[in-house]
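Here the structure is laid out as structure tokens; the discussion comes afterwards.
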Amino acid sequence: MTVSPQLAKLDLGKELAEELSIEEVFSFDLFGMHITVDETTVVSWVIIAVMTVLALILTRNLKVEGEISRRQAFLEMLYEKAEGFFKGLMNPKTYDFIPWLMSMALFIGISNIIGIFGPTVFGALKPPTKSMQVTAAMAITSIIIVEYANIRDKGIFGRIKAYTKPIWIITPINLLEIITKPLSLCMRLFGNVLAAFTIMELIKIVTRNTVIPIVFSLYFDLFDGLLQAYIFVFLTSLYLAEATEEEEEEPKVKKMKKRAKKNKKALETHS
């Protein structure tokens, strides 16, 4: 078996390590602490800034009454489709979190697929979601929202009481969910984005052309990136629905209510 001279010269480990590394962009001292800002943070800021500017541009001169523009009609259609999707997963108690879920889906989706835009004046843009600090921050934010929705619905004492259900002995397991839920969100997003990024970089290094990587990029960058954004907000919406669902009554309580209804009906018939 012979290897082409071009492939023989490749140091896959070195080149892949360079692509996977997260470089520092700038640093500064604040109150005696040395703070560093890496490229994933800067790219995240750029994405947030672009999303904000686009939102301001697209939502200019919207009308409540009268004839609306095609732009407004298109935006309303997209919003209604997304709102209908989340309403199918959640309950009315959590509908006010839908705009936040939409924003999170857009941010994660753009972050995951930003690598397809290739080199820019700032260099190659790497997906910020391939950094665990970014995915961990989003996962923790999601769980804080879920816990807030739970406390808002059931109260602080109701939330504490929920940890002891169905029986008090499994309280430690219920408390462990506070850690396992954000951990699963974080690791699932981070692992899938990092794996797709690694595979694409290996393909680019080995092929050394701009044709073959484009074909694979349609799946690993575009499809898989949007799929991971969908999974993240899908699970978060399910957690919100679960946190605010009505608790089933105890069997004894059900029997007592049923007996009370029968007695009431009997009294009404006799009277």
Residue pair [X] / [Y]: nearest heavy atoms and the distance that separates them:
X: Thr59; Y: Leu62; answer: O-CG, 3.3 Å
X: Val37; Y: Val42; answer: CG1-CG2, 3.9 Å
X: Met132; Y: Phe190; answer: CE-CE2, 3.5 Å
X: Leu240; Y: Thr244; answer: O-OG1, 3.0 Å
X: Ile170; Y: Lys165; answer: CD1-O, 3.5 Å
X: Arg71; Y: Ile57; answer: NH1-O, 4.0 Å

Let me confirm one number: the [atom1]-[atom2] distance from [X] to [Y], rounded to the nearest 0.5 Å.
X: Ile110; Y: Ile48; atom1: CD1; atom2: CD1; value: 10.5 Å
X: Asp96; Y: Met90; atom1: CG; atom2: CE; value: 7.5 Å
X: Asn174; Y: Ile169; atom1: CG; atom2: CD1; value: 12.0 Å
X: Glu147; Y: Glu177; atom1: CD; atom2: CD; value: 9.5 Å
X: Gln228; Y: Asn112; atom1: CD; atom2: CG; value: 7.0 Å
X: Leu101; Y: Thr94; atom1: CG; atom2: OG1; value: 8.5 Å

Side-chain H-bond candidate by donor/acceptor type, Thr41 with Asp38, under 3.5 Å: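 Looking only at side-chain atoms, Asp38 and Thr41 do form a donor-acceptor pair, the distance falling under 3.5 Å.
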Would you say [X] and [Y] make side-chain contact, with heavy atoms under 4.5 Å?
X: Ile160; Y: Ile156; result: yes
X: Thr141; Y: Trp100; result: yes
X: Met138; Y: Val134; result: yes
X: Pro127; Y: Phe197; result: yes
X: Phe97; Y: Thr236; result: no
X: Phe232; Y: Thr135; result: no
X: Pro99; Y: Tyr79; result: yes
X: Leu185; Y: Ile143; result: yes

Does one hydrophobic cluster hold both [X] and [Y], with members joined at side-chain heavy-atom distances below 4.5 Å?
X: Leu238; Y: Tyr148; answer: yes
X: Trp45; Y: Val53; answer: no
X: Leu54; Y: Val46; answer: yes
X: Leu235; Y: Ile178; answer: no
X: Leu78; Y: Phe234; answer: no

Can you tell me if Ile167 has over 12 outside heavy atoms packed within less than 6.0 Å of its CD1?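 Check passes, neighbour count above 12.
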Does OH in Tyr95 sit with more than 12 non-hydrogen atoms of other residues, nucleotides or ligands closer than 6.0 Å?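 Yes.
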Return yes if some donor-acceptor pair links the side-chain N/O of [X] with the main-chain N/O of [Y] below 3.5 Å, else return no.
X: Asn192; Y: Arg188; answer: yes
X: Ser131; Y: Pro128; answer: no
X: Asp224; Y: Leu227; answer: no
X: Ser69; Y: Gln72; answer: yes
X: Lys154; Y: Ala243; answer: yes

Is there a side-chain contact (heavy atoms from CB on, under 4.5 Å) between Val233 and Phe86? Walk through the geometry before answering. CA-CA 9 Å; Val233 295; Phe86 285 113; 4.2 Å; yes
Are Arg159 and Tyr163 in a cation-pi setup, meaning NZ or CZ lies under 6.0 angstrom from the ring centre and within 45 degrees of the ring axis?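 Because its charged atom sits under 6.0 Å from the ring centre and within 45° of the axis, Arg159 does stack over Tyr163.
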